[in-house]
Number of protein chains: 2
Amino acid sequence: MDVSVDCVVFGFDNDTLKVLLIEQKQPDTVHLKTQKAVPGDLVLDNESLDEAAKRILQELTSLKGIYLKQFHAFGDPNRVRGLKDQQWLRTFRVNPERRVLTIGYYSLVKLSEFKPKAASFAGKTYWVDVYNIPSLAFDHNEIVHKALLMLRHELMADHIGFELLPEKFTLSQLQKLYEIILDKKLDKRNFRKNILRTETVTALEEKQQGVLHKPAQLFTKK
Amino acid sequence: MDVSVDCVVFGFDNDTLKVLLIEQKQPDTVHLKTQKAVPGDLVLDNESLDEAAKRILQELTSLKGIYLKQFHAFGDPNRVRGLKDQQWLRTFRVNPERRVLTIGYYSLVKLSEFKPKAASFAGKTYWVDVYNIPSLAFDHNEIVHKALLMLRHELMADHIGFELLPEKFTLSQLQKLYEIILDKKLDKRNFRKNILRTETVTALEEKQQGVLHKPAQLFTKK
DNA sequence: GATACTTCGTGTGATAAATACACTTTCAAA
DNA sequence: TTTGAAAGTGTATTTATCACACGAAGTATC
């Protein structure tokens with residue numbers, strides 16, 4: 001069996017929660033109708049799963065120290081059913097008939113700092129609203145959906161939200177992030193009480209600049 | 001790469017939380033020093049991961065409808081380091097050098113109903129106190145440890161404890177189970193308030209029998 | 001049938017967390 | 001100086017959490 005890692009990369013642009021998709025690579029010769037997919041690759045011979053996930057991320061961007069979490073193994077023998085998927089496998093895989101198990105990871109990147117690598121192995125990349133994902137290759141829609149559920153869970157339990165924000169952020173930005181991930185409105189005062197109680201962030205001696213209203217206190221992760 | 005499923009089977013005997021271990025099978029010819037391990041097997045060609053886990057359980061017992069949950073993929077390329085492990089692989093695996101990824105599941109069985117199958121593929125089975133596990137084959141100590149952490153988590157979140165108890169149980173039994181899994185004492189009155197509030201169990205019109213004290217109300221899962 | 005033994009089953013007050021809710025402050029721009 | 005826009009803050013209510021002790025109901029024994 002082949003084993004791959006697929007990485008659901010989340011980013012946040014102050015307005016929507018996005019997922020990074022790549023255009024599947026095309027052969028130079030034939031024209032193949034491409035699909036979008038979550039970045040992923042086969043695990044190499046001497047590589048742990050975590051290392052594979054890290055490598056895949058670094059093939060897309062040069063960021064280091066990105067938040068990465070394994071969340072589920074997808075092993076249905078029929079997870080590759082689509083015609084296009086099989087065509088693609090026949091074109092790009094040494095053993096196209098071989099069953100592929102994939103380990104799902106999700107990662108949180110600061111969109112502000114994200115620069116896709118020029119010569120990215122994967123060709124074009126897209127940031128797509130997580131609540132409006134097109135039909136993807138393989139079982140990637142299911143993978144993204146499950147990643148979102150797990151992210152919600154972990155956001156509540158471990159307050160990792162700031163991983164999606166710039167180093168310095170305001171509590172309003174953080175609140176908006178929570179609201180969008182959890183898909184519900186939160187009360188401002190209660191939200192602040194909660195976040196400050198968890199002590200996952202600390203106030204800086206610094207304020208927002210260049211806004212046309214009262215500038216907010218900046219925070220950073222503790 | 002080969003893919004296996006390893007199943008951490010939990011059972012509860014009213015006193016201790018136990019894990020099911022098997023004696024690794026031996027070749028008929030040579031004498032190999034055996035080790036204990038968590039039941040597991042390679043995933044078959046046309047089998048999903050969940051199906052593989054189910055099959056492994058059913059090779060040990062004839063119980064159906066057992067609670068099963070995937071909890072983590074263990075993919076370190078060096079997860080099989082021990083000499084004995086490599087010896088064992090050379091004896092029993094078609095491709096002993098091949099790297100093995102394993103998907104960890106845990107399952108909850110009613111010890112009262114558990115009868116190991118006569119001709120179990122795995123030879124002898126043992127129920128071992130989860131807090132006193134001997135040194136196991138491969139990375140199985142790590143797998144068991146992580147399974148316990150995940151079980152604790154899920155016990156708190158989803159109140160699945162009764163899966164380890166007979167159909168009919170008293171709240172005291174349930175409380176003891178919680179205390180042992182979470183490894184801390186709980187207050188009786190508060191515990192009962194909590195459990196009843198979650199509405200995961202319902203009272204039967206029936207009482208405990210054959211005890212030499214006031215018989216307790218029996219409950220069952222809702 | 002009285003007594004001893006064992007576990008069952010229950011309530012209250014104190015403290016902490018969750019929720020609902022609205023107005024003043026501070027800055028930039030016009 | 002006025003306006004617009006988001007920042008920042010407090011209180012009362014409800015709900016959970018926690019600590020804590022005793023009478024009730026059954027069995028066994030004498």
Side-chain angles (χ1 to χ4, degrees), chain A residues 12-16 112 152-153 155-159 161-162 165-220, chain B residues 12-16 152-153 155-159 161-162 165-166 168-220:
Chain A
F12 180 64
D13 71 353
N14 280 311
D15 239 342
T16 50
S112 53
R152 281 185 185 155
H153 224 251
L155 183 64
M156 302 291 279
D158 302 346
H159 293 284
F162 48 72
L165 293 175
E167 284 308 325
K168 300 172 182 180
F169 52 86
T170 70
L171 291 185
S172 294
Q173 284 176 292
L174 189 61
Q175 181 179 342
K176 187 141 192 208
L177 172 58
Y178 272 65
E179 291 181 340
I180 288 169
I181 294 180
L182 302 177
D183 201 20
K184 68 174 175 196
K185 268 218 81 42
L186 301 173
D187 176 80
K188 179 153 63 157
R189 282 172 287 194
N190 296 333
F191 177 78
R192 290 160 110 95
K193 257 184 288 182
N194 279 320
I195 290 294
L196 295 176
R197 195 168 32 74
T198 63
E199 303 195 331
T200 48
V201 300
T202 40
L204 296 169
E205 301 286 293
E206 202 177 338
K207 299 205 158 177
Q208 214 178 14
Q209 293 200 342
V211 286
L212 31 153
H213 54 73
K214 175 172 176 180
Q217 177 86 232
L218 287 173
F219 286 76
T220 192
Chain B
F12 180 64
D13 71 353
N14 278 313
D15 238 343
T16 49
R152 281 185 185 157
H153 223 253
L155 182 64
M156 303 291 279
D158 301 347
H159 294 283
F162 49 72
L165 294 175
K168 300 174 182 180
F169 52 86
T170 70
L171 292 185
S172 295
Q173 283 176 292
L174 189 61
Q175 181 178 342
K176 188 142 191 205
L177 171 58
Y178 272 65
E179 291 181 338
I180 289 170
I181 294 180
L182 302 177
D183 200 21
K184 68 175 176 195
K185 272 219 91 33
L186 300 173
D187 176 80
K188 179 154 62 158
R189 282 172 287 192
N190 296 333
F191 176 77
R192 290 160 108 94
K193 255 185 288 181
N194 280 320
I195 289 295
L196 295 176
R197 194 166 33 74
T198 64
E199 302 194 333
T200 48
V201 300
T202 40
L204 296 169
E205 301 286 294
E206 200 176 338
K207 300 206 158 177
Q208 216 179 12
Q209 294 201 342
V211 287
L212 30 155
H213 54 74
K214 176 175 176 180
Q217 177 86 235
L218 287 172
F219 286 75
T220 193

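Here is the naming used below: chain letters follow the sequence lines, and residue numbers restart at 1 for every chain. None of these values were measured; they are calculated from a predicted model.
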Heteroatom pairs (N/O) under 3.5 angstrom, protein to nucleotides 14-20 of chain C:
residue, atom, partner, partner atom, Å
C:dA18, OP2, A:Asn194, OD1, 3.2
C:dA18, OP2, A:Arg197, NH2, 2.6
C:dT19, O4, A:Lys193, NZ, 3.1
C:dA20, N7, A:Asn190, ND2, 3.0
C:dA20, N6, A:Asn190, OD1, 3.4

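Atom CG of B:Asp158 and atom OG1 of B:Thr198 lie 10.5 Å apart (nearest 0.5 Å). The CG atom of A:Leu186 sits 12.5 Å away from atom CZ of A:Arg192, with the distance rounded to the nearest 0.5 Å. Here B:Gln173 contributes atom CD and B:Gln175 contributes atom CD; the two are 11.5 Å apart, rounded to the nearest 0.5 Å. Within the model, atoms CZ of B:Phe191 and CG of B:Leu174 stand 4.0 Å from one another, a figure rounded to the nearest 0.5 Å.
In this structure, the helix from C:dG1-D:dC30 to C:dA30-D:dT1 shows an angle of 0° between the axis at its start and the axis at its end, each fitted on 5 base pairs and rounded to 10°.
The stretch residues 173-182 of chain A has no heavy atom under 4.0 angstrom from DNA chain C at all.
For DNA chain D, the outermost nucleotides in 5' to 3' order that have an atom under 4.0 Å from a heavy atom of chain A are D:dG4 to D:dT11.
Among A:Leu196, A:Thr170, A:Leu165, A:Thr200, the one residue that satisfies the side-chain contact (heavy atoms from CB on, under 4.5 Å) test with A:Phe219 is A:Leu196.
Remark: A:Glu167 engages no residue in a salt bridge (charged side-chain N to carboxylate O under 4.0 Å, His left out) (not counting sequence neighbours). Residues meeting the side chain to side chain contact (heavy atoms under 4.5 Å, CB included) test with A:Arg152, sequence neighbours left out: A:Tyr131, A:Leu148, A:Leu149, A:Ile181, A:Leu182, A:Asp183. For A:Lys184, the salt bridge (charged side-chain N to carboxylate O under 4.0 Å, His left out) criterion is met by no residue, not counting sequence neighbours. With sequence neighbours left out, B:Asp13 forms a salt bridge (charged side-chain N to carboxylate O under 4.0 Å, His left out) with B:Lys18. Partners of B:Lys188 according to the salt bridge (charged side-chain N to carboxylate O under 4.0 Å, His left out) rule, which considers only residues two or more places apart in sequence or in another chain, do not exist here. Shown here are the side chain to side chain contact (heavy atoms under 4.5 Å, CB included) partners of B:Lys176, two or more places apart in sequence or in another chain: B:Phe12, B:Asp15, B:Ile180.
The CG atom of B:Leu218 sits 11 Å away from the P atom of C:dC8 (whole-angstrom rounding). Between the P atom of C:dG9 and the CZ atom of B:Arg192 lies a distance of 5 Å, rounded to the nearest Å.
Minimum interatomic distance between A:Leu155 and A:Tyr178 (heavy atoms only, all atoms of both residues): CD1-CZ, 3.6 Å.
B:Gln208 comes within 4.0 angstrom of nothing in the nucleic acid, heavy atoms only.
For the pair B:Ile195/B:Phe162, no side-chain contact is recorded, criterion being any heavy-atom separation below 4.5 Å from C-beta on.
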For nucleotides 24-30 of chain C, 5' to 3', base contacts (B), sugar-phosphate-only contacts (S) and non-contacts (-) with protein non-hydrogen atoms under 4.0 Å give -BBBS--
Please tabulate, for side-chain N and O atoms in residues 201-218 of chain A, each donor-acceptor pair with protein atoms closer than 3.5 Å (sequence neighbours left out).
residue, atom, partner, partner atom, Å
A:Glu206, OE1, A:Lys168, NZ, 3.1
A:Glu206, OE2, A:Lys168, NZ, 3.1
A:Gln208, OE1, A:Ala216, N, 3.0

